[in-house]
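Contents: one structure, followed by commentary.
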Amino acid sequence: MNCVEFRRHCLESGVTLDNETMAHQQSCDTCQRFYQQQSQFESLLGQALAVPVPDGLESRIKLRKSFAPRWQMRQLAIAAMLLLSVGVGLRAFYGPAPLDEALLAHALEAHSYRGAADQPMPLARVSQITNGLGAQVNNLGDIRYAGHCRIHGRMAVHMLVNTDMGRYTLFLMPDQPLEQRISEQVDGHQVVMFPSGKGSIGVVVPAGSDWVESTEAQVRDAVTWSI
Amino acid sequence: MADPEVFSSMGNKQERYDALVTVYSADLFRYALWLCRKREVAEDLVQETFLRAWKSLHSLRDDKAAKTWLFTILRRENARMYERYSPGFDDDYDFDSVAVEQEDEQVMQLRECMKMLADEYREPLMLQVVNGYSSKEIAGILDLTPGTVNTRVFRARKQLMSLMSQDDSFGQLEVVS
Ligand SMILES: [Zn+2]
């Protein structure tokens with residue numbers, strides 16, 4: 001091995017030495033110096049590229065997956081209705097839009113997912129998620145989950161909120177304008193959507209719940225937009 | 001990095017999936033952050049990746065291929081996201097929560113230089129430095145030959161050192177051609 005080969009090896013492997021390169025490094029002063037500089041650079045590089053992984057990432061992924069296997073037409077029906085109501089249409093839903101379909105169906109399944117979260121989500125984390133889309137949520141109570149999803153390619157926040165009456169799902173959709181309030185029963189679920197900010201908000205509760213209107217009122221009070 | 005063998009004994013889909021999440025979610029997140037620049041978006045991307053993975057887990061015949069498979073899904077989801085959703089985000093990288101410790105000036109400078117690298121150089125370098133993957137593994141993920149991977153990480157380092165040397169302390173660093 002010569003010096004050029006040695007240096008090339010360092011720049012390709014990030015100063016990981018095998019026997020052959022080690023031998024050259026020990027026998028060549030110039031390359032030893034090069035190696036030391038290079039090690040310093042690698043250490044900086046490691047620091048520059050290292051990024052902390054968000055707390056709870058792993059469990060949030062496992063949580064989301066739990067919705068997946070229980071896909072049914074029920075969710076698809078609600079999803080289709082939501083999409084219709086925001087002016088997208090069934091074609092988009094059943095057409096080449098597997099990502100939206102997946103997200104929305106999973107999001108809609110969320111409210112019936114009982115194992116979701118045993119504890120309230122820290123408010124700082126909730127704010128981080130809602131603020132990212134220009135929404136502030138105050139006094140909504142016991143939020144068990146908040147995450148981003150995409151509805152027809154636009155980002156939305158979906159949340160699970162526990163109340164004394166039961167759990168509901170909330171969608172904050174800053175980029176899905178809606179002309180007027182809609183309330184529909186879709187296969188076991190009551191879906192209420194109303195214009196909010198420049199977009200809309202959706203609330204999903206179990207069908208027949210007598211608390212949908214009080215929940216809607218609470219949500220209207222709780223959500224403000226900065227965009 | 002856990003031995004891929006750990007997956008082999010797991011016939012159960014749920015266990016197999018959970019093991020994949022445990023082993024690869026952090027690696028995928030770091031990679032995703034450098035791809036899409038925002039922590040929230042990066043997490044979304046990783047979530048999408050695993051949702052896809054769950055749905056098509058049956059198609060992963062050989063668990064030794066899991067790493068390449070997951071990164072491939074993530075890259076595809078990222079492309080799809082860009083195609084379908086035009087982000088209203090600015091172009092800045094989101095490293096807010098990185099700068100908690102006393103941040104070395106050179107580290108910040110190097111990070112700036114890293115942003116200037118072409119994707120084709122940055123991606124393999126990242127996979128090598130952050131995730132500790134071999135040239136062969138990176139080649140599998142990026143659909144390149146190991147030789148091409150070596151060339152790209154070599155050039156990536158050279159460019160970074162050259163960018164750094166325009167500033168100060170790495171000026172004396174010898175750069176081979
Ligand atoms: Zn030498």
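Chain letters run A, B, ... following the sequence lines, proteins first, then strands; residues in each count from 1. Since the structure is predicted, the reported quantities are computational estimates derived from the model, not experimental observations.
The shortest heavy-atom contact between B:Ser25 and A:Leu57 is O-CD2, 3.8 Å. The two atoms that bring B:Phe29 and A:Pro52 nearest to each other are CE2-O, 3.6 Å, heavy atoms only. Here the closest non-hydrogen pair linking A:Gln47 and B:Arg111 is O-NH2, 3.3 Å. Heavy atoms only, all atoms of each residue included: A:Val53 and B:Ala26 are closest at CG2-CB, 3.7 Å.
Ranked by heavy-atom pairs under 4.5 Å with chain A, the first of B:Leu160, B:Asn150, B:Val153 is B:Asn150. With respect to chain A, the highest number of heavy-atom pairs below 4.5 Å among B:Glu112, B:Arg152, B:Gln128, B:Met126 belongs to B:Gln128. For the set B:Val130, B:Val129, B:Thr22, the count of heavy-atom pairs under 4.5 angstrom toward chain A peaks at B:Thr22.
Taken from CG in A:Leu45 to CE in B:Met114, the straight-line distance is 6.0 Å, to the nearest 0.5 Å. Interatomic distance, CG of B:Asp18 versus CD of A:Glu58, reported as 8.5 Å (0.5 Å rounding). In this structure, the separation between OG on A:Ser13 and CZ on B:Phe154 is 11.5 Å, given to the nearest 0.5 Å.
Shown here is A:Asp18, whose CG atom has more than 12 heavy atoms of other residues, nucleotides or ligands within 6.0 Å. By the 6.0 Å contact criterion, CG on B:Asp143 is open, its count of non-hydrogen atoms from other residues, nucleotides or ligands being 12 or less. In the displayed structure, A:Asp55 atom CG is contacted under 6.0 Å by at most 12 heavy atoms of other residues, nucleotides or ligands.
Within the 3.5 Å criterion, the main-chain N or O of A:Arg60 finds no donor-acceptor partner in the side chain of B:Glu43.
For the pair A:Leu11 and B:Met161, the minimum side-chain heavy-atom distance is below 4.5 Å. Contact of the B:Thr49 side chain with the A:Ile61 side chain is not registered, since no non-hydrogen atoms from C-beta on lie closer than 4.5 Å.
Under the 6.0 Å distance and 45° angle rule, B:Arg157 does not count as a cation-pi partner of A:Phe41.
Looking at B:Ser134, there are no atoms closer than 4.5 Å to chain A (heavy atoms on both sides), in backbone or side chain. With a 4.5 angstrom heavy-atom cutoff, A:Gln128 touches chain B via backbone and side-chain atoms both.
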